[in-house]
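Note: hydrogens, waters and symmetry copies are ignored here, and every other heavy atom, side chains too, is used. Just so we're on the same page: letters track the sequence lines, and every chain starts at 1.
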Protein chains: 2
Amino acid sequence: MSTINDRSAYIEETGLLFETFGMTRMAGRILGYLMVTDKEMVSFDELTQVLQASKSSISTNVKAMTQTKFIKPVTIPGDRKTYYMLSDDISWVELFHQRTEQLKYLKALYKKGLNLRSNKKDKSSVWLENAIEFYDWIIEEFPEVLKKWDLYKKNK
Amino acid sequence: MSTINDRSAYIEETGLLFETFGMTRMAGRILGYLMVTDKEMVSFDELTQVLQASKSSISTNVKAMTQTKFIKPVTIPGDRKTYYMLSDDISWVELFHQRTEQLKYLKALYKKGLNLRSNKKDKSSVWLENAIEFYDWIIEEFPEVLKKWDLYKKNK
DNA sequence: TATTAAGTTCTGCAATAAAAGAACTAAAAA
DNA sequence: TTTTTAGTTCTTTTATTGCAGAACTTAATA
């Protein structure tokens, strides 16, 4: 049986973990709360209450979390409030595709570095060549693996 | 033909990119310089000169970059100085394995969240189930893909 | 048309983190 | 053995970031 305390500890834990991913503690807390609350969706105001945070902080952080696609806003006709819930149309595959995009930046950096070198055959150039080779491979391979997930899901 | 300016712009660019990965600008600059300098290895002192930074900043940041395995220190008998170079024994595969470890933390968080829920069948629980399922799959699949890289390299 | 409600955006402050500077350590050289 | 060199560690300064509070916007209600 889970207690209120277990849950608030969980919310803080989520805050700290998401902080390591470069998001704010508060953004993580919002997600954490949505993961353990029994309500399917919670209002903006409830977030300020439960997380003891200002409206401005909740505002900026729900926006950030919405952009990552982890949560989504829900509006109800005849109700002015905005509610938030775990985004059921989150695509985990899509999230990983974004990672691949990051890898492309790194690869581009290595390529650019190599181009700036005078001697394309020295040790550092070889180092860069190897980096580029690996990134080329992984950038191609990653999406293939993710395709397998879609197949795996279809056959269930 | 690459100019001095192209290279210093590159060093700054590397600093900024590595900043987005949660490292310091200076750590990125050190790597950036090693990627474009014509020297195979550079001394600690040269780093302070070229990057216009204090010894303490260089000291902490070469340590950080060494820990990520991107660079390594080189010492020469009869020479008191420490030199740094791109680490030729960097394992790109190993770097990606570390990513997989991070995924395990996230998966553990989702599992813990699910355990804290009263109703294991509601929408949020299903969301968590899906997250866990995907992470389970990717945590298994990732290392397999990386094994393929080792094979690919051997057959060349 | 004035008032309330629900958020957003802007400004300022407090906490944190990065970098500098100073004091220190270890080893080599004088 | 004392001085210099090379770098580390501790302390202070500076810059950045996250959050709060206030002012503002938009739309609904009185």
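Nucleotides of DNA chain D that come within less than 4.0 Å of any heavy atom of chain B span, from the 5' end to the 3' end, D:dT4 to D:dT9.
Heavy atoms of other residues, nucleotides or ligands lying less than 6.0 angstrom from CD of A:Glu140 number 12 at most. No more than 12 heavy atoms of other residues, nucleotides or ligands lie within 6.0 Å of OH in B:Tyr105, so this atom counts as exposed by the packing criterion. Residue A:Arg7 qualifies as enclosed at atom CZ: its count of foreign heavy atoms under 6.0 Å is above 12.
Side-chain atoms of A:Arg25 do not come within 3.5 Å of backbone N or O of A:Glu12 as any donor-acceptor pair. In this structure, B:Arg29 contributes its side chain and B:Thr14 its backbone to no donor-acceptor pair below 3.5 Å.
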Q) B:Asp79 and B:Thr75: side chain to side chain contact (heavy atoms under 4.5 Å, CB included), yes or no, with the steps? A) CA-CA 7 Å; B:Asp79 185 344; B:Thr75 52; over 6 Å; no
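Using a 4.0 Å cut-off between charged nitrogen and carboxylate oxygen, B:Asp88 and B:Lys72 count as a salt-bridge pair. Salt-bridge formation is not detected for the pair B:Glu94/B:Lys69: no Lys NZ or Arg NE/NH1/NH2 atom is positioned less than 4.0 Å from an Asp or Glu carboxylate oxygen.
Its side chain outside the 4.5 Å cluster rule for every partner, B:Leu151 clusters with none of the Ile, Leu, Val, Met, Phe, Trp and Tyr residues. A:Met85 shares a hydrophobic cluster with A:Met41, A:Val74, A:Ile76, A:Tyr83; the chain of contacts runs through ILVMFWY side chains whose heavy atoms sit under 4.5 Å apart.
One interatomic measurement links the two molecules: CZ of A:Phe44 to C1' of C:dT9, which rounds to 12 Å at whole-angstrom precision.
Between B:Tyr110 and B:Phe134, the ring center distance fails the sub-6.0 Å criterion.
Scanning residues 17-43 of chain B for heavy-atom distances under 4.0 Å to DNA chain C yields B:Thr24, B:Arg25, B:Met26. Of the residues in residues 54-74 of chain B, B:Ser54, B:Ser56, B:Ser57, B:Asn61 come within less than 4.0 Å of DNA chain C through at least one heavy atom, sorted by number.
For the atom pair CG of B:Leu86 and CG of B:Leu31, the computed distance is 6.5 Å after rounding to the nearest 0.5 Å.
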Between the protein and nucleotides 2-5 of chain C, which nitrogen or oxygen pairs come in under 3.5 angstrom?
| unit_1 | atom_1 | unit_2 | atom_2 | d |
| --- | --- | --- | --- | --- |
| C:dA5 | O4' | A:Arg80 | NH2 | 3.4 |
| C:dA5 | N3 | A:Arg80 | NH1 | 3.1 |

